[in-house]
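The figures here come from the full heavy-atom set of this structure, side chains too, leaving out hydrogens, waters and symmetry mates.
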Number of protein chains: 2
Amino acid sequence: MVGTGTSRAALAYLKALYALEEESPRSGARGRLGTARRVTTSAIAERLAVSAPSATNMLKRLAARDLVSYEPYKGASLTRKGRAVALEIVRHHRLLETYLVEALGVPWEEAHAEAEALESNLSESVEERMFAALGRPRFDPHGHSIPTRNGAMPKTSRRSLWDVSDGEAVLVAQVPDSHSDALRYLAEVGVLPGVRVTIESRGPIGGPLFVRVEDNEDAPVALSKEITEAIWVH
Amino acid sequence: MVGTGTSRAALAYLKALYALEEESPRSGARGRLGTARRVTTSAIAERLAVSAPSATNMLKRLAARDLVSYEPYKGASLTRKGRAVALEIVRHHRLLETYLVEALGVPWEEAHAEAEALESNLSESVEERMFAALGRPRFDPHGHSIPTRNGAMPKTSRRSLWDVSDGEAVLVAQVPDSHSDALRYLAEVGVLPGVRVTIESRGPIGGPLFVRVEDNEDAPVALSKEITEAIWVH
DNA sequence: CTCTTGATTTAGACAGGACTAATACTGCTC
DNA sequence: GAGCAGTATTAGTCCTGTCTAAATCAAGAG
């Protein structure tokens, strides 16, 4: 299993922390080099649908095990050790998603939840077999890159579809993995990783983006600000 | 996942209870018809490597949820409801074992442990997909029959190899699924489900059984009483 | 019928996780 | 620099599951 001796719940916190560190600060090209971006207690609590005190409580325990560095009122961040565990489980998750979709035909939008249920009990040995069976994939079905076994995470584009200017054509790199309704819709209109899309126009301030999908003669599809912010392109 | 709302630990108890009910009483052709064979607290505790008080405690809680019928000092047995949950998880377990071996090439003797780790988080949907991918198998790699989805358990032979008389030839129906050392050995010498074997001779009282494996010109293999008692034939 | 022994259960603690209510801190505004 | 709003943390409970030590039951031996 993962990060031996680390409970399912603790792993969930580490994973959430990892995700929040990744997505949040964009840190405006600043704050790189060890300036560990701290994540607030409430952000974690919200992400895990747990009360704030529960989060505080768990963060303190994870800190005691040197998996996160936590300073009261200042938020938390993963230690090197905690990051390794988080990456291990992210790898499990994404590999499982890929396997479920590719090998077992699980629908795209259900893969995330199924993988989440299984990820914390997947052994390294089975993981390795799935990895080989899939041909050592580098991306999961949503376009997220799969960390390597020794915990290296390939860099990916961080430009969101929302930030693309009108008329520009870009390649979809990744879409979110949760929110199955949204995923079902994206699959339906063909906005998938690897597909080229062009911004046709956009509605008034904060309004929807009208996107033309390659090889699709239909009317452009309308996508909300929220979803286009979560779609990354290059 | 399984038996919704039932924790991993509780499921382990139900599964153990099911296994113990199955293997124990042989009930000398008597005690059929509803005479629910009661399993002792200590048998469960031993099986799960847990203290006796822990077992008592859990049995009481399972009884409160109407999953087992439990009477102090008299042992416990599964209720209809508990049996259904147990069978569901047994199905998950055996299907997973089969899948791991067939589809992913996990070694025979490791399948049990890997399946155990995953079984309680397998959704019905993924289970169904694995079942279909395998061609709706009826037996797992150790020859145990896989309960149907609606909880019916096909009857199997209950004659143990130990009880076969000298010179008689029988077909191996099933071998145990745990004890990887023993399994590795059985695989090595070719004593597998579906293989025909003949009892050559047996050592002095309680001594090893010497078994000749079909199509194998080598010397007969020696198998202990313990292992031959756990191998079922027809 | 009583005693002894071994299996079981009760009692009492503890660790992990989660919650609500109450308190304390931080940082922004004036 | 004081006040306030909002965020975080502490306090105190609860529920699972597990353990050890102590008490209790059941059943066979005499």
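In this model, the phosphate group of C/dT20 is not approached by any side-chain N or O of A/Ser51 to a distance below 4.0 Å at OP1 or OP2. OP1 or OP2 of D/dC19 has at least one side-chain nitrogen or oxygen of B/Ser54 nearer than 4.0 Å.
Inter-residue side-chain proximity for A/Leu161 and A/Trp232 is flagged as unmet; no heavy-atom pair is nearer than 4.5 Å. Using a 4.5 Å cut-off on side-chain heavy atoms (C-beta onward), B/Leu14 and B/Ile89 make no contact.
Side chains of A/Glu114 and B/Ser123: a donor on one and an acceptor on the other come within 3.5 Å.
With rounding to whole Å, A/Glu46 atom CD is found 18 Å from C/dA18 atom C1'. Remark: P of D/dC19 and CE of B/Met58 are 11 Å apart, rounded to the nearest angstrom. Rounded to whole Å, the distance from CZ on B/Arg65 to C1' on D/dC15 is 12 Å.
Pairing each heavy atom of B/Glu119 with each of B/His92, the nearest pair is O-ND1, 3.3 Å.
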Could you go step by step and tell me if A/Leu186 and A/Ile227 meet the side-chain contact (heavy atoms from CB on, under 4.5 Å) rule? CA-CA 10 Å; A/Leu186 289 179; A/Ile227 185 116; 3.9 Å; yes

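Out of C/dT8, C/dC19, D/dT18, the shortest distance to the side chain of B/Tyr13 is found at D/dT18.
With B/Phe131 as the aromatic partner, B/Arg91 meets the cation-pi criteria of under 6.0 angstrom to the ring centre and within 45 degrees of the ring axis.
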Atom pairs under 3.5 Å: protein N/O with N/O of nucleotides 9-14 of chain D:
| residue | atom | partner | partner atom | Å |
| --- | --- | --- | --- | --- |
| D/dT9 | OP1 | A/Tyr70 | OH | 2.1 |
| D/dT9 | OP1 | A/Tyr73 | N | 3.0 |
| D/dT9 | OP2 | A/Thr41 | OG1 | 2.9 |
| D/dT9 | OP2 | A/Thr56 | OG1 | 2.7 |
| D/dT9 | OP2 | A/Tyr70 | OH | 3.4 |
| D/dT9 | O4' | A/Tyr73 | OH | 3.3 |
| D/dT10 | OP2 | A/Lys60 | NZ | 2.4 |

